[in-house]
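The structure appears below as structure tokens.
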Amino acid sequence: EAREIRSEIKQELNSLEWQLARRIKNLNYLKEQAAGYGAGRVDLDLINQIADEQEAIQEIQFKLSSQGPGRVTAPDSL
């Protein structure tokens with residue numbers, strides 16, 4: 001039973017790490033799109049998508065950090 005629990009925790013951590021990497025990739029793509037608009041001309045929907053991705057990244061980072069010490073998360077400068 002302890003092995004099953006460890007396996008489930010490992011699967012959850014792997015899933016969170018995959019989600020984090022995907023969200024960071026999405027955020028970088030959205031930021032590239034925003035850069036193409038130029039200063040002060042970014043579409044409101046794009047601004048909201050960027051904010052949503054940043055929030056999702058923070059939530060995943062929190063979940064990962066609460067799973068135990070030594071977990072690697074993305075930089076806070078997103």
Side-chain angles (χ1 to χ4, degrees):
E1 186 174 317
R3 284 186 186 184
E4 289 178 24
I5 293 171
R6 282 195 296 268
S7 177
E8 288 175 19
I9 291 171
K10 186 175 181 178
Q11 287 176 352
E12 176 68 15
L13 290 174
N14 288 339
S15 174
L16 288 170
E17 289 169 349
W18 181 87
Q19 291 174 50
L20 179 61
R22 186 69 176 170
R23 293 288 188 164
I24 290 171
K25 184 177 179 179
N26 291 346
L27 179 61
N28 289 335
Y29 176 76
L30 292 169
K31 285 183 174 182
E32 287 177 12
Q33 283 187 315
Y37 278 91
R41 295 180 177 238
V42 180
D43 181 59
L44 182 59
D45 287 334
L46 186 53
I47 292 170
N48 288 335
Q49 287 177 326
I50 289 171
D52 290 345
E53 288 298 326
Q54 288 173 327
E55 184 179 328
I57 288 168
Q58 289 176 346
E59 289 175 12
I60 295 168
Q61 287 175 328
F62 176 78
K63 288 178 184 178
L64 282 169
S65 67
S66 68
Q67 295 294 323
R71 301 304 309 168
V72 176
T73 58
D76 292 330
S77 61
L78 297 175

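Leu16 contributes atom CG, which lies 6.5 Å from atom NZ of Lys63 (distance to the nearest 0.5 angstrom). Between the CZ atom of Arg6 and the CD atom of Glu1 there is a distance of 11.0 Å, given to the nearest 0.5 Å. The CD1 atom of Ile24 sits 8.5 Å away from the CD1 atom of Ile60 when rounded to the nearest 0.5 Å. Once rounded to the nearest 0.5 Å, the distance linking CD of Glu53 with OH of Tyr29 reads 12.5 Å. Rounded to the nearest 0.5 angstrom, Asn14 CG and Ile9 CD1 are separated by 12.0 Å. Atom CG of Leu30 and atom CZ of Arg23 lie 10.5 Å apart (nearest 0.5 Å).
Taking all atoms of both residues into account, the shortest heavy-atom contact from Leu64 to Leu20 is CD1-CD2, 3.8 Å. Ala34 and Ile50 get closest at one heavy-atom pair: CB-CD1, 4.0 Å. Pairing each heavy atom of Tyr37 with each of Asp43, the nearest pair is OH-CB, 3.9 Å.
Side chains of Ser15 and Gln19: a donor on one and an acceptor on the other come within 3.5 Å.
Cluster membership for Leu27 and Trp18, using ILVMFWY side-chain heavy atoms within less than 4.5 angstrom, is not shared.
With contacts defined as side-chain heavy-atom distances shorter than 4.5 Å, the pair Lys31/Gln54 qualifies.
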